[in-house]
Amino acid sequence: MSTTAAPSQSVTTAPLPAEVRVAIVGSGFSGLGMAVGLLQDDERNFVILEQADDIGGTWRDNVYPGCACDVPSHMYSFSFAPNPDWSRSFATQPEIWAYQQRVVERFGLRPYVRTGAEVVDATWDGATQRWTVQTKRGTVVAQFLVAGTGPLCEPKYPDLPGLDTFEGTVFHSARWDHDHDLTGERIAVIGTGASAIQFVPRIQPQAKSLVLFQRTPPWVLPRPDRPITPIERFVFRRAPLAQKLARLGIYVGRESFVLSFNHVAKLRGLPRIIGLAHLRRQIPKDAELRAKLTPDYQVGCKRVLISNEYFPALNAPNADVNTSGIREVRPHSIVDNEGVEHEVDTIIHGTGFHVTDQPIADRLVGADGRRLAEHWSQGMEAYRGTTIAGFPNLFMLVGPNTGLGHNSIIYMIESQVGYVRDALRRARAEGIGALAPRQPVVDAENEEIQERLQGTVWNDGGCASWYLDKRGRNTTLWPDFTFLYRRRVASFDTESYETTPAVAAPPARPTARV
Ligand code: NAP
């Protein structure tokens with residue numbers, strides 16, 4: 001995994017195939033993992049539809065200063081493509097994106113990718129047992145549709161009075177404007193999530209002033225980041241087992257968080273003590289600032305953040321943490337709820353993503369002609385976090401209740417990919433043309449998941465988070481150990497599905513790539 005990627009635009013911009021067995025939407029970790037899985041099953045009749053001009057998903061889009069992973073690198077990679085060359089224990093965005101590019105090259109995925117092919121509509125046709133997928137580059141018909149669009153795809157902007165009258169520069173952390181020089185500027189940052197705590201320390205030193213509008217203080221724990229030494233890398237290259245063991249150690253360590261987040265409430269005191277000590281150590285003198293930055297909810301209720309730079313940045317003389325909230329935005333300033341006007345040149349939104357109202361749901365039309373967004377009007381739900389009643393032959397990677405607050409999402413993606421592969425194998429072997437989970441099975445599983453979430457720190461930790469939808473239901477997180485999820489999706493359970501015999505032979509296996 002150490003060759004350099006060389007994107008081949010001539011392939012990615014080639015015309016769309018007219019018909020494929022599988023259309024994969026998105027080329028982030030989900031789409032790439034699915035594509036490798038298909039190739040491992042000798043399934044080459046697929047296409048990857050990518051809306052942007054390159055592969056990578058959220059790790060292509062998030063190029064803000066300081067962007068890095070807060071899951072250790074050895075765990076934040078495909079199990080089938082270890083990278084012995086990670087330079088740090090927590091890889092940075094450029095390194096992760098380069099890793100994705102190398103996966104594309106190593107597994108020969110580039111010829112399957114079509115860039116600029118944003119899916120605008122996909123409609124299921126029960127008569128032909130096919131999805132008609134309309135993209136900005138044309139239409140492709142697919143027997144199976146795999147949505148690998150993920151929850152961190154569409155930036156969410158705050159609805160602030162007067163924002164459209166602002167005459168300075170405005171951008172979102174996921175759409176960073178690198179052409180704009182922040183040096184010497186008066187900057188306002190809105191939001192204190194995983195993104196903001198990474199970019200704030202990078203831009204604070206160059207700002208004339210930085211005001212951080214904080215609605216809720218996050219729990220921030222120390223970041224045990226360090227360079228991976230050349231000797232370690234040498235060992236990982238020569239003895240892959242050593243890296244597997246390192247990965248296993250990280251996996252087990254991260255899984256142990258579930259004990260406190262879910263099962264043993266008494267353990268929740270420990271991360272709280274660590275978080276408070278971290279804050280006191282990094283801001284020893286300013287009790288008022290410490291008070292503003294002290295959360296009043298349990299650790300884990302929102303995603304736990306790790307940083308050694310965030311608190312010192314906020315403790316700098318040119319930084320101010322504003323907790324009063326924003327009343328309005330004027331052409332050159334922000335007025336807070338206490339009536340204080342803050343002159344600013346640039347506003348940066350660190351306000352997150354449309355997680356429980358993902359745009360892809362507006363674009364998928366199921367068997368009864370309803371859009372997925374309508375089907376989900378009372379909240380997202382799926383079976384095994386992957387398939388949806390009334391939406392035959394649709395698989396959603398990182399679907400409802402498969403997100404994690406404690407471990408690597410790539411583990412979940414690989415689990416789901418295994419389930420989808422099994423479904424496709426069974427469909428071919430058993431002559432199934434269409435499959436969708438039975439509604440009572442979906443309901444039973446979701447009731448069980450919601451029950452398991454009761455009493456967990458994610459539901460009852462005393463905060464509002466993007467884990468919860470607007471009705472307060474947790475439709476995003478898997479509530480337990482991840483190996484329990486993997487066990488649940490270990491094989492495709494046809495009996496939980498309504499299946500229809502194939503009306504036509506599945507699209508033939510092509511001898512050449514699409
Ligand atoms: P986020 O966690 O959703 O945080 C959004 C922040 O914006 C929150 O502090 C929120 O306040 C605030 N906010 C939203 N609307 C607001 C408004 N109208 N007025 C004031 N404040 C407002 O978004 P994110 O930081 O981009 O992170 C999203 C997810 O991306 C993370 O949870 C994580 O899964 C992923 N991520 C991962 C990494 C990584 O290292 N792997 C790095 C970055 C991001 P409240 O807290 O009060 O809601």
Side-chain angles (χ1 to χ4, degrees), residues 28-29 57-59 61-73 75-77 88-93 95-97 150-163 171-176 188-200 202 211-221 223 225 254 292-293 295-297 300-307 310 321-329 334 336-337 347-358 398 402-410 412 458 461-470 476-477:
F29 273 106
T58 199
W59 288 106
D61 291 342
N62 282 271
V63 291
Y64 59 77
C67 184
C69 190
D70 54 16
V71 173
S73 319
M75 192 63 217
Y76 204 79
S77 41
R88 305 194 65 81
S89 42
F90 292 90
T92 59
Q93 177 272 336
E95 227 179 322
I96 296 171
W97 193 36
L152 307 179
C153 172
E154 185 71 15
K156 193 169 182 174
Y157 292 83
D159 186 15
L160 300 172
L163 184 56
F171 54 87
H172 190 281
S173 59
R175 300 285 181 270
W176 197 270
V189 172
I190 303 174
T192 55
S195 303
I197 76 142
Q198 291 184 334
F199 70 74
V200 162
R202 297 303 167 97
V211 55
L212 174 67
F213 287 93
Q214 168 189 279
R215 200 162 60 179
T216 318
W219 278 105
V220 182
L221 303 186
R223 184 178 177 87
D225 193 15
R254 306 286 300 198
K292 282 184 186 173
L293 297 173
D296 63 357
Y297 55 88
C301 182
K302 284 172 179 287
R303 190 177 172 97
V304 180
L305 308 183
I306 51 172
S307 175
Y310 179 63
V321 178
N322 186 296
T323 56
S324 71
I326 295 171
R327 182 184 294 169
E328 64 167 321
V329 180
I334 293 180
D336 68 26
N337 277 332
I347 299 174
I348 305 176
H349 299 302
T351 43
F353 299 86
H354 287 272
V355 173
T356 53
D357 53 347
Q358 298 168 27
V398 196
T402 60
L404 297 180
H406 71 285
N407 212 334
S408 170
I409 196 66
I410 297 175
M412 298 298 273
W458 305 300
C463 75
S465 77
W466 61 255
Y467 298 154
L468 309 177
D469 65 16
K470 57 179 187 273
T476 54
L477 287 190

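Values below: every heavy atom of this structure, side chains too, minus hydrogens, waters and symmetry copies. Atoms within each ligand, like the ligands themselves, are counted from 1 in listed order.
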Sub-3.5 Å pairs, protein N or O with ligand 1 N or O:
from	atom 1	to	atom 2	distance (Å)
ligand 1	2 (O)	W466	NE1	3.3
ligand 1	7 (O)	G350	O	3.2
ligand 1	9 (O)	T192	N	2.9
ligand 1	9 (O)	T192	OG1	3.2
ligand 1	25 (O)	A194	N	2.9
ligand 1	25 (O)	S195	N	2.8
ligand 1	25 (O)	S195	OG	3.4
ligand 1	26 (O)	S195	OG	2.7
ligand 1	32 (O)	W466	NE1	3.3
ligand 1	34 (O)	R303	NH1	3.3
ligand 1	40 (O)	A68	O	2.8
ligand 1	40 (O)	D70	N	2.7
ligand 1	40 (O)	D70	OD1	3.2
ligand 1	40 (O)	D70	OD2	3.4
ligand 1	41 (N)	D70	N	3.4
ligand 1	41 (N)	D70	OD1	3.1
ligand 1	46 (O)	K302	NZ	2.6
ligand 1	47 (O)	R215	NE	3.0
ligand 1	47 (O)	T216	OG1	2.4
ligand 1	48 (O)	R215	NH2	3.0

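- Judged purely by atom type and a 3.5 angstrom limit, S73 uses its side chain to pair as donor or acceptor with the backbone of S89.
- The closest donor-acceptor contact from the side chain of K292 to the backbone of N322 lies at 3.5 Å or more, if one exists at all.
- Partners of C69 according to the side chain to side chain contact (heavy atoms under 4.5 Å, CB included) rule, which considers only residues two or more places apart in sequence or in another chain, are W59, V71, Y76, I96.
- In this structure the side chain of F171 reaches within 4.5 angstrom of the side chain of I348, judged on heavy atoms.
- Side-chain contact between S408 and R254: absent, with no pair of heavy atoms (C-beta onward) separated by less than 4.5 Å.
- Under the 3.5 Å distance criterion, the side-chain polar atoms of T192 are matched with a main-chain donor or acceptor of T216.
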